[in-house]
Amino acid sequence: MMATSAVDMTRQQRWRLSTFLDANFQYWALAPILIFLAVLTLYPVGQLLRMSVSDMAFVKGKLEWTYVGLDHFQTLRNDPVVPDALKNTLLFVVVVVCVEAVLGLLLAILVSRARRFAWFYRSVYMIPLLIPPIAIGTIWRLMYDYNYGIINQVLFELGLTGPLWTANPDLALVSVMIVDVWHWTSFLFLIMLAGVESLPYELSEAARVDGANEVQVYRHIFFPLLRPTIIVALMLRTILAFKVFDQIFLLTGGGPGTSSEVISLYIYKVYFVQTRLGYGALLALLTAVIMSVFVVFYQWLNNYVNRQR
Amino acid sequence: MSRSNPKLTRRHLLKGAAAATGALLASAPGVSFAQKASTINFLRHRAQVEPITILINDSPWFPGFEVLVNNYVDATGNDVNLNVTPFAGMLEKSRNAVQGNESEFDILNLNEQWYMQFYAGGLVKPIKEIKPDFELDPNVIEYDSSTRWDPNVRYSTPDGEIYGLPINGNIQLFFYRRDLFEAEGVAVPTTWDEVEAAAQVFHDPPQMHGFTIRSKPPNWEYQAYLESYGTSVIRLDVETGEWSVGLTAPEALEATNVWLNLGRNYGPANYADMGQAENLALMASGRLAMAHMVGAAAPNFDNEDQSVVVGNVGADVVPGGPAGRATMSGIWVMGIPHNLPEARQVAALTFLEWALSKEAQLDYALAGAIPVRQDVYEELAGDEKLGWWMKAMGDSTPYIKAQPRLAETPQIVEVVDRRMSQAIIDELSPEEALQEAAEEIQAILEGGGYNVTPLE
């Protein structure tokens, strides 16, 4: 009797556990990805937070942490480079994202309407995206060279004096923007093209049959339908543009002066060149916060657009 | 310290065989004494120490270093592995190596701008702790005590203990177009005033520029101007242990004005964006009369694939100001990580001592590297191919000055680069740039816990 009762208990327990697991399976299924996320995202962010309130030094081969509270915030307040770097970064993001979006959309529309060689245009416009950034920076650095660069040589042949592309503080950031537009327009072009080609052809045809002209078709059908695609493309490109590093590192190094200094390059200098790990961590956190604001804005815009639809 | 082992090992067997071969050779008729001695020496050196791995940067002087290592392997039989790394990854790899229980590298190649972090943190071993009777050959140039660290004043001073040994003697030289100077009968300048006078003779833009400054980044060459006017970015009073920032001194303003004047008025229109490569290209393409740049640039002017001025460039000590001439060091030292077993430390030091010998350094120089021995410079001053700049390197030794060598150096250098760059583009006046830089550097030193004299 006793033995039977014990077996029943065990069966009951197993049944309960099995029921519990089945009932909450969706959460268990999420567990691996949550653990993955915690290890790869939350832990580094936690470390970054800890670093931003600490000073670290290598003593006898060991990394020693010293809690410094909000000292790095005080350093940030007095740092003359950060305001310039943030201003340049924001200017860079706004200009390049707008120009690339307009050009990308325009190219996407033109290529989608091309009756011949559409495959060729697609391939050609993708080329800049396929070139490694280090090669792009080097190529453009040589092209921009005031004394030997091909751009100024061509201008010279035309009887013009070429500008000081990277030596003029008023032009240095613009020079980097030109390279960025050349490099990244194809990224937006590809996304926009996918969006344009997925639009229902019947709607615009019906509008035309009803007497709408091209401007009206674009304004009332084409762009409203393409809006979600544009927003996602802008969000992705904004995030990438905010992290611009390689082109500026290779073309201007942030100079002359601080005329083309951007926040990612400055973080690199603080963290890896000056070995100010704690302060560098604070700057990285600051960048992450600003980028989060952009992401939240785009998410809000996306939801807003969806509600409008 | 080698471990004792009572058992017969492969090494004992090899040593015995080597000794027997040596004895046979010594008694063999028809073999000259010199041949016998070198063969015996070779056998005696066969695999004496543990294999070593050296962390070395990929640089224009790397081929010379490779020759040095190959010569060492051939001469001693000791194995050497090279971990060749781009400059950008050197600091990270060096730092990682000294953090673990045992370093993967036996020798770290440390740049002038960060070696002090390794000395100050005890991350490399003082040489005398490896070999108590170690004495540095007086012919090895110490580059204003770059080899040493004095923990009492937290700086490289002549009284400090030896932590690292120099391997690349980068300093600055003054390069000029010898053919043009001879044609115009202009004497080689020894002062900045004479540089300006000569620049006026040759400056004919855009075909020919009189002189260029390095503005991207400016700090290294700019410091030579400061030193030649009797000041420096920072200075330590060894007696009091007190630091001072020299950028608010009137001499700093004079030096800065001279530097700006030469750069703006005798350089190309893009004077604000002239890096080392751009200066080198201008000189090699025959469009520059004078330049103040790293001595290691010299072989480029003799390279027929790169230069149209082969045989027409001369080199001399960097000109000076009221306080004399000055050339800044930008050297590399080799350090032995603290976290190595004793046998590996001994092996590493064995290599370094060999590498600093005169014979090794001569071959090193002939292979295109920058030696670190004064007697090598003096001997090569008469060399047909290298003599024109080796002599200038040797003549520059008394004028070598150190860059700031503190753990905070990268921060200080960043300030100098940024503020002087702002002065070049007229974003700040020279007075403002110096004042702003001085205040920032003062704050860095105070924040680092140094005893600092208040700013003037």
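First the proteins, then the strands, lettered A, B, ... as listed; each starts at 1. Every heavy atom of this structure was used, including side-chain atoms; hydrogens, water molecules and symmetry mates were not.
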Notebook entry, point to check: Do B:Arg419 and B:Glu440 pass the salt bridge (Lys or Arg N to Asp or Glu O under 4.0 Å) test, and can you show the C-alpha distance, the side-chain angles, and the key distance before you say yes or no?
Noted result: CA-CA 10 Å; B:Arg419 293 304 184 187; B:Glu440 284 186 56; 2.6 Å; yes
Check: Passes side-chain hydrogen bond (donor to acceptor under 3.5 Å, both in side chains), B:Glu408 versus B:Tyr450? Steps please.
Finding: CA-CA 11 Å; B:Glu408 291 77 7; B:Tyr450 297 92; 2.7 Å; yes
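Using a 4.5 Å cut-off between heavy atoms, B:Asn339 does not touch chain A at all. For B:Pro206, no part lies under 4.5 angstrom from a heavy atom of chain A. Residue contact with chain A, scored on non-hydrogen atoms closer than 4.5 Å, is absent for B:Ile424. Heavy atoms closer than 4.5 Å to chain B are found nowhere in A:Thr75, neither backbone nor side chain. Interface remark: B:Glu92 contributes side-chain atoms only to the contact with chain A (heavy atom separation under 4.5 Å). For A:Asn78, no part sits under 4.5 Å from any heavy atom of chain B, backbone or side chain. For a residue to count as touching a neighbouring chain, one of its non-hydrogen atoms must lie under 4.5 Å from one of that chain's; by this rule B:Gln113 does not touch chain A. With a threshold of 4.5 angstrom between heavy atoms, A:Phe272 approaches chain B through its backbone and through its side chain.
Under the 6.0 Å cut-off for aromatic ring centres, B:Phe118 and B:Trp149 do not qualify, their centroids lying 6.0 Å or more apart. Aromatic rings from B:Phe87 and B:Trp114 are positioned such that their centres are separated by under 6.0 Å.
Contacts with chain A were tallied for B:Arg287, B:Met420, B:Glu278; B:Arg287 has the most, counting heavy-atom pairs under 4.5 Å. Between chain A and the options B:Ala269, B:Ala97, B:Pro337, B:Ala272, heavy-atom pairs under 4.5 Å are most frequent for B:Ala269. Put simply, of B:Lys216, B:Gln117, B:Glu427, the one with the most heavy-atom pairs under 4.5 Å next to chain A is B:Lys216. In terms of heavy-atom pairs under 4.5 angstrom with chain A, the leader among B:Ser215, B:Gly275, B:Ala281 is B:Ala281.
Using a 4.0 Å cut-off between charged nitrogen and carboxylate oxygen, A:Arg237 and A:Glu100 count as a salt-bridge pair.
Note on ring orientation: taking the six-membered ring where Trp is involved, the planes of A:Phe249 and A:Tyr268 are perpendicular (angle over 60°, cut-offs 30° and 60°). Ring pair A:Phe189/A:Tyr125 is perpendicular by interplanar angle, where above 60° counts as perpendicular and below 30° as parallel.
Between A:Trp165 and B:Asp273, the side chains place no donor N or O within less than 3.5 Å of an acceptor N or O (distance only, hydrogens not considered).
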